[in-house]
Student: 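Got a structure for you, written out below as structure tokens; questions coming shortly.
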Amino acid sequence: MMVELANRVLSLTPSSTLAITAKAKALKQQGVDVIGLGAGEPDFNTPEHILEAAAKSMNEGYTKYTPSGGLPALKQAIINKFVADQGLSYQTNEIMVATGAKHALYTLFQVIVNNGDEVIIPIPYWVSYPEQVKLAGGIPVYVEGAEQNHFKITPEQLAKAITKRTKAVIINSPSNPTGVLYTEDELKQLGEVCLKANILIISDEIYEKLVYDGSKHTSIAQLSPELKEQTIIINGVSKSHSMTGWRIGYAAGNKKIIEAMTNLASHSTSNPTTTAQYAAIAAYNGPQAPVEEMRQAFEDRLTIIYDKLIAIPGFTCVKPQGAFYLYPNVKAAATMTGYDTVDEFATALLDEAKVAVIPGSGFGTPDNIRLSYATSLDQLEKAVSRIRDFVEERSQD
Ligand SMILES: Cc1ncc(COP(=O)(O)O)c(C=O)c1O
């Protein structure tokens, strides 16, 4: 039987991150020694006390449905975290727990975007934003953060992109793929534009805990009560507590939006997996030392690898202050080695240097590649020297 697919999925593009990762995996299975720098998840185990709390909840019989927007105890743990980390005060009806931050974002777009509404997405962007906006009937409006401005958009650019149909703007700080962090002052200026135009701010803070070099993460919602009211914060335990597979994320903000999201989830997921919610309670209520240990390990790797990366001929790189990605501009290296595009250069890195990186075209900037340092230092050093050898050998031809 031939089934016609619904129009809404016809233009869906599969995640570019997954395509190269799949190819790298296939090569590995054939016995090829490929180093994968595509990972979007920490390479650490979920901390032991979290595993124990999850097992305990199962053994005690907590394996049934929960309220759609999350267990009251988890919402309370999230509320306490907001107070402790960011001085933000939310009520229970301003929090919705979802099946990962990705699902929180998906649900948010479903409840705020009407057909033809516009959502402003800074370039480079996380691959799921445009697809999720389109799935909700919305139109992504792209604003390019110039590389010279560390990939950050300016208030002037934002103001220019706003129309009568603009519903929201996404701010992702620290950013995937660039690792760049907006300063308090920059956020204040962007916030003023949003308040003036009365558009919602979607602040994706999933990498909040992963900041380096003494940098401080600021949420735009912390800057004034008006900005808090105008902002939906998205966060979760995936990156902070190395819990990507548990699928727990959340949204915090305006109670009318949160209520609509909760109602929608009640007809799709019912609730995030109960055991994972108990694990997330332990993540927030338990010791935070493992979070700092993982952050420090990432920082140590960044410090070593960044200098080696920018020493490769034809590579330049804005120094990231957060997340676990490097996002070098490699256009010059691609040209030097005889490739017209960075996409082709990235394919050659996999096929010949045996290093898997993600081409920047999937994030909206075709001259860059994304390298994840969520892998051991040993592997990272090996990968960077393979890339360097490849570029040097090819440039001499
Ligand atoms: C910027 C950004 N937002 C959200 C997510 C989703 O995280 P999760 O659904 O695992 O909570 C990711 C994951 O890669 C991300 O990079």
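Indexing begins at 1, ligand by ligand and atom by atom, following the structure's order.
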Student: Is the backbone N or O of Val211 less than 3.5 Å from a side-chain atom of Ser215, with the two atoms forming a donor-acceptor pair by type?
Tutor: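 Here the side-chain-to-backbone pair does not exist.
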Student: Could you please spell out the steps behind the ring-ring contact (aromatic ring centres under 6.0 Å, His included) verdict for Tyr278 and Tyr62?
Tutor: CA-CA 9 Å; Tyr278 281 99; Tyr62 295 108; 5.3 Å; yes
Student: What ring pair (Phe, Tyr, Trp, His ring centres under 6.0 Å) pairs are there with at least one residue in residues 192-211, not counting sequence neighbours?
Tutor: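 Ring pair (Phe, Tyr, Trp, His ring centres under 6.0 Å) check on residues 192-211 returns Tyr207-Phe324, Tyr207-Tyr325.
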Student: Using ring-ring contact (aromatic ring centres under 6.0 Å, His included) as the criterion, list what pairs up with Tyr284, not counting sequence neighbours.
Tutor: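 Partners of Tyr284 under the ring-ring contact (aromatic ring centres under 6.0 Å, His included) test: His241.
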Student: Give the protein residues with at least one non-hydrogen atom closer than 4.0 Å to an atom of ligand 1, ordered by chain and number.
Tutor: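 These residues qualify: Gly100, Ala101, Lys102, Trp126, Tyr129, Asn172, Asn176, Asp204, Ile206, Tyr207, Ser238, Lys239, Arg247.
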Student: So does Glu147 get a backbone contact from the side chain of Lys152, meaning a donor-acceptor N/O pair under 3.5 Å?
Tutor: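 Side chain of Lys152 to backbone of Glu147: no pair is present.
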Student: Tell me, please, which residues at least two apart from Tyr90 pass ring-ring contact (aromatic ring centres under 6.0 Å, His included).
Tutor: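 Residues passing ring-ring contact (aromatic ring centres under 6.0 Å, His included) with Tyr90: Phe82.
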